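Structure first, commentary second.
For clarity, every value in this text was computed on a predicted model and none was experimentally measured. Numbering of ligands and ligand atoms starts at 1, following listing order.
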Amino acid sequence: MELILDTADTSAIKHFNEYLTIDGVTTNPTIITKSKKEFHAVIDDILSILNDDQALYVQVLATDCAGIVEEAKYIHSLRKQNIYAKIPVSNEGLKAIKECKKLGIKVLATAIYSAEQGFLAALSGADALAPYVNRMDNLGNGVENVLDLIQMLKVNNLPTKIIAASFKNTRQVHELIKGGIQAVTVPTDVLQNMMDHPMTDIAVDTFTKDWENAYNRTTLKS
Ligand code: G3P
């Protein structure tokens with residue numbers, strides 16, 4: 001499974017890149033604006049951290065098919081490899097995904113609020129799908145919809161990858177990993193919560209104290 005960061009915060013990207021195996025970074029217009037930097041500066045900063053094997057996902061702003069395709073071409077030109085245009089699955093977006101497929105532009109279909117929308121984007125040639133788990137949870141059951149989408153792609157032999165997105169808690173991520181999700185893009189607070197457990201720190205503290213009491217040092221070798 002791929003682990004992707006859903007952030008444009010470059011210090012957070014550097015941090016998690018050091019501690020975990022990260023497969024890429026997803027952004028969207030809201031995430032970019034939170035960086036308080038200009039679009040180009042954010043993209044350059046993120047690309048200076050990522051290696052060639054780590055993917056970058058950048059979203060279009062245009063809402064009509066021709067505009068979406070133009071912006072997708074531009075996103076495609078930002079890097080030699082491993083760059084995806086994120087296209088929301090509006091009606092115009094679905095049409096644009098078909099065009100991008102013909103042009104050889106890699107597409108992550110995004111803003112997916114139902115398994116059916118995701119399935120249609122896969123039929124249109126999207127390379128990957130980003131269903132919004134928490135936002136769907138707020139409307140019903142996000143995890144169940146994504147598990148259905150996994151199944152729908154499987155029985156139809158569609159190669160499209162699902163990159164589950166919009167997480168608000170570790171339980172949502174847990175359920176999808178258990179269900180066989182191929183990739184998750186996780187906000188940094190949720191990822192840090194996946195890493196941390198207070199009992200681990202207490203256990204380590206006890207090991208150190210026991211050792212120190214017995215040998216009067218806190219290192220393995222004397
Ligand atoms: O990658 C899509 C994701 O950023 C949407 O997440 O937290 O705004 O629902 P959220």
Side-chain angles (χ1 to χ4, degrees), residues 1-13 16-17 20 22-37 39 42-43 45-47 49-50 54-63 68 71-72 75 78 82-90 93-94 96-97 100 106-115 117-118 120-122 126-147 149-150 160-177 181-194:
M1 193 206 70
E2 289 182 24
L3 177 62
I4 298 169
L5 295 174
D6 201 19
T7 185
D9 177 344
T10 45
S11 40
I13 296 169
F16 287 104
N17 214 16
L20 297 170
I22 300 297
D23 294 290
V25 167
T26 50
T27 64
N28 64 32
T30 305
I31 288 174
I32 299 265
T33 59
K34 280 184 191 157
S35 74
K36 307 247 189 300
K37 289 189 259 180
F39 172 69
V42 184
I43 297 302
D45 287 352
I46 296 174
L47 287 176
I49 301 168
L50 300 183
Q54 293 173 306
L56 178 62
Y57 302 81
V58 181
Q59 192 163 321
V60 299
L61 247 296
T63 53
I68 294 171
E71 290 187 351
I75 291 166
L78 292 173
N82 252 335
I83 182 117
Y84 289 74
K86 285 181 74 179
I87 301 180
V89 292
S90 59
L94 287 169
I97 290 170
C100 287
K106 285 203 182 103
V107 171
L108 168 58
T110 191
I112 293 172
Y113 278 79
S114 73
Q117 276 186 321
L120 291 175
D127 299 278
L129 310 171
Y132 278 4
V133 181
N134 187 68
R135 294 195 199 193
M136 281 195 279
D137 264 349
N138 291 338
L139 302 170
N141 194 333
V143 169
E144 195 176 291
N145 263 296
V146 180
L147 294 175
L149 182 55
I150 293 174
T160 319
K161 181 196 295 181
I162 303 176
I163 304 177
S166 174
F167 288 105
K168 280 295 165 288
N169 58 63
T170 60
R171 172 55 49 181
Q172 292 163 334
V173 185
H174 175 124
E175 290 299 335
L176 288 178
I177 295 172
I181 196 76
Q182 294 140 311
V184 291
T185 183
V186 190
T188 54
D189 57 338
V190 174
L191 187 54
Q192 192 62 54
N193 286 340
M194 287 171 71

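- Of the polar atoms of Tyr132, none of the N or O atoms is found under 3.5 Å from an N or O of ligand 1, judged by distance alone.
- Numbered from 1 in the order shown, with element, the atoms of ligand 1 that lie under 4.0 Å from a heavy atom of Lys86 read 1 (O).
- The backbone N or O of Leu61 sits less than 3.5 Å from a side-chain atom of Glu71, completing a donor-acceptor pair.
- For ligand 1, the polar-atom distance check against Thr110 finds no nitrogen or oxygen pair separated by under 3.5 Å.
- Gln54 and Asp23 form no side-chain donor-acceptor contact under 3.5 Å, judged by distance and modelled atom types alone.
- For ligand 1 and Ala165, the ligand atoms under 4.0 Å from any heavy atom of the residue are 1 (O), 2 (C).
- A side-chain N or O of Ser11 and one of Asp9 form a donor-acceptor pair less than 3.5 Å apart.
- In this structure, CD1 on Ile150 lies 4.0 Å from CD1 on Ile181, to the nearest 0.5 angstrom.
- Distances shorter than 4.0 angstrom occur between a heavy atom of Asp6 and an atom of ligand 1.
- For ligand 1, the polar-atom distance check finds an N/O of Asn28 within less than 3.5 Å of one of the ligand's N/O atoms.
- Cation-pi geometry between Lys86 and Tyr57 is not met: the NZ or CZ atom fails to fall both under 6.0 Å from the ring centre and inside 45° of the normal.
- Interface of Ile31 with ligand 1, defined as ligand atoms under 4.0 Å from a residue heavy atom, comprises 4 (O).
- The shortest N or O to N or O distance between Arg135 and ligand 1 is under 3.5 Å.
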Margin query: Could you walk me through whether Tyr84 and Leu56 satisfy the side chain to side chain contact (heavy atoms under 4.5 Å, CB included) test, starting with their C-alpha distance in whole Å, then the side-chain angles of each, then the deciding distance to 0.1 Å, before giving a yes or no?
Written below: CA-CA 6 Å; Tyr84 289 74; Leu56 178 62; over 6 Å; no
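- Judged by distance alone, the side chains of Asp45 and Thr10 never bring a donor and an acceptor atom under 3.5 Å apart.
- Here the protein heavy atom with the shortest distance to atom 7 (O) of ligand 1 is Lys168 NZ, 2.7 Å.
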